[in-house]
Amino acid sequence: MEKHVTDAGIRIQPVYTQAIPMTELPGQFPYTRGIHATMYRDKLWTMRQYAGFSTAEASNQRYHYLLKQGVMGLSVAFDLPTQIGYDSDHAMAEGEVGKVGVAIDSLEDMERLFAGIRLEDISTSMTINATAFILLALYIALAKKQGADLKKLSGTIQNDILKEYAARGTFIYPPQPSMRLITDIFAYCSREVPKWNTISISGYHIREAGANAVQELAFTLANGKAYLKAALDQGLDINVFARRLSFFFNAHNHLFEEVAKFRAARRMWAQITQSLGATDAKAQMLRFHTQTGGSTLTAQQPHNNIVRVAVQTLAATMGGTQSLHTNGFDEALSLPTEDAARIALRTQQIIGYESGVADTVDPLAGSYYVEALTNEVEAKAWELINRIDAMGGAVSAIEQGFIQDEIARSAYKYQQQVENGEKIIVGVNKFSMEEHTAPEISRIDDSIRKVQTERLQALRAKRDAQQVQAILQQLETQAGTTENLMPIVVTAVENLCTLGEIADTLRKVWGEHR
């Protein structure tokens, strides 16, 4: 590996001397310099901290703690059974309940999760994909119980199933019915919950799976094009639904390549939406959430991760993110402890209030280096998108295994470079040391499943069983038509149908993707 080459294979020159003409202003098409004219001068990015573990009550305590520490919005992590449509008492859920996120089986769990928090007053992001339609229905049902004005509800569901097939694996149904659920959500929310971001097209998990910065950008935007086209095929207005699309990117350690990636992403998405007929400025703008790179965190010398997260925070904010989650330094070992979560949030606050990053818009604009790198990242990403378009688009490229193979090759190459010392990871393959003390780590025991199982038994005993069966039968029937499924799913959760029952009903109709 050459010494001065990014992970994406871009050669870095010893010095950049050629000025790039800079006539574009922030807030103007194609939004390279930011989607708002004033960016953070008027309002800082939303400081979210991703949290969810154990029971709904335990997660609720963490949310109240984070709100007191100054977070501006909540971000919910769900456990694996919730993500793939199993109730906590299902055989497939054993050993996983409450482990990597919170267990949510019913509307009652959702009430416990947000106890003491008015949904109308906060913005909530939910990292959920295959069962996003159910979690959104639960959120809407809870908001209705609270007496909220649904027109004021704001937040985001990830709802990005294509990257699950390509990189992450928490899919349930085959691609076509999964895409149908997504367009049902687009249409439903545009009418009922107009401020809700209906999809967060995720490069984060593509990067975590081993992609480099250019691949993350190209594959994410290719997936975005697929969602745009699916919605257009359903007759939806791009100037309406594209306003509620958002993106979710990773921030890694190469400060300048990451800033270039974010700037290129806005420019490319503006061109993509315009080419598909978007004329409304807000439908052309790429808005994105960022999370610092989980795969960059090391179990060795974990306090080094505080520095990594700070560098990644600078990349995200100088790149113009709309919201940000910063990882805890201990996340290579466990879910973050309260101390680690606080330090992660303080990292954002110090950079936001003390560093000067927020004083001017696009602070690296005009840098010979950053402008050249933005152009190079963009050019390489277009090459990949053009190859995907030639295959018939992202869905076809995933079905052919192209995107998966590209990610796997990149991950293998990176690991080789780490193992042979070409790529230096401080504290791992250089500057390592014998560690004598282990940091405090957060542990989730298996008793959570017993708690959730008892709650499910109590819920099933008290609800109207005939009503539940009738609603699930109606859902099964409608799944075989073109009717929008969101209204019946909202009705189902309001009548205490469980997440697993709703997911299983659709498994009967559509089968499972293998």
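The aromatic rings of Trp45 and Tyr40 sit perpendicular to each other, their planes meeting at more than 60°, with 30° as the lower class boundary.
Of the possible donor and acceptor atoms, one in the side chain of Thr296 sits under 3.5 Å from a partner among the backbone N and O of Gly293. Under the 3.5 Å distance criterion, the side-chain polar atoms of Ser59 are matched with a main-chain donor or acceptor of Phe53. Listed for the Glu208 side chain is a donor-acceptor partner under 3.5 Å among the backbone atoms of Ser295. In this structure a side-chain-to-backbone donor-acceptor pair under 3.5 Å is present from Glu120 to Asp149. Side chain of Thr131 to main chain of Thr82: a donor-acceptor pair is present (N/O by atom type, distance under 3.5 Å, no hydrogens or angles). Judged by distance alone, with hydrogens and angles left aside, the side-chain atoms of His252 form no donor-acceptor pair with the main-chain N or O of His254 at under 3.5 Å. One N or O on the side chain of Tyr227 and one on the backbone of Leu162 form a donor-acceptor pair closer than 3.5 Å.
Considering Trp269, Phe288, Phe219 as possible partners of Phe247, the one that fulfils the ring pair (Phe, Tyr, Trp, His ring centres under 6.0 Å) test is Trp269. Just one residue in the list Arg460, Arg455, Arg449 forms a salt bridge (charged side-chain N to carboxylate O under 4.0 Å, His left out) with Asp89, and that residue is Arg460. Ile199 pairs in a side-chain contact (heavy atoms from CB on, under 4.5 Å) with only one of the listed residues (Thr156, Ile157, Asn159), which is Asn159.
Side-chain atoms of Thr321 and Thr290 form a donor-acceptor pair, as typed in the model, at a separation below 3.5 Å. Judged by distance alone, the side chains of Glu476 and Thr505 never bring a donor and an acceptor atom under 3.5 Å apart.
When ring centroids are compared, Tyr173 and His513 stay outside the 6.0 Å threshold.
Arg112 has a carboxylate O that lies under 4.0 Å from a charged side-chain N of Glu57, or vice versa, which qualifies the two as a salt bridge. The existence of a salt bridge linking Arg180 and Asp184 is confirmed by a sub-4.0 Å separation between a basic side-chain nitrogen and an acidic carboxylate oxygen.
With a 4.5 Å cut-off on side-chain heavy atoms, Met47 and Leu44 count as touching.
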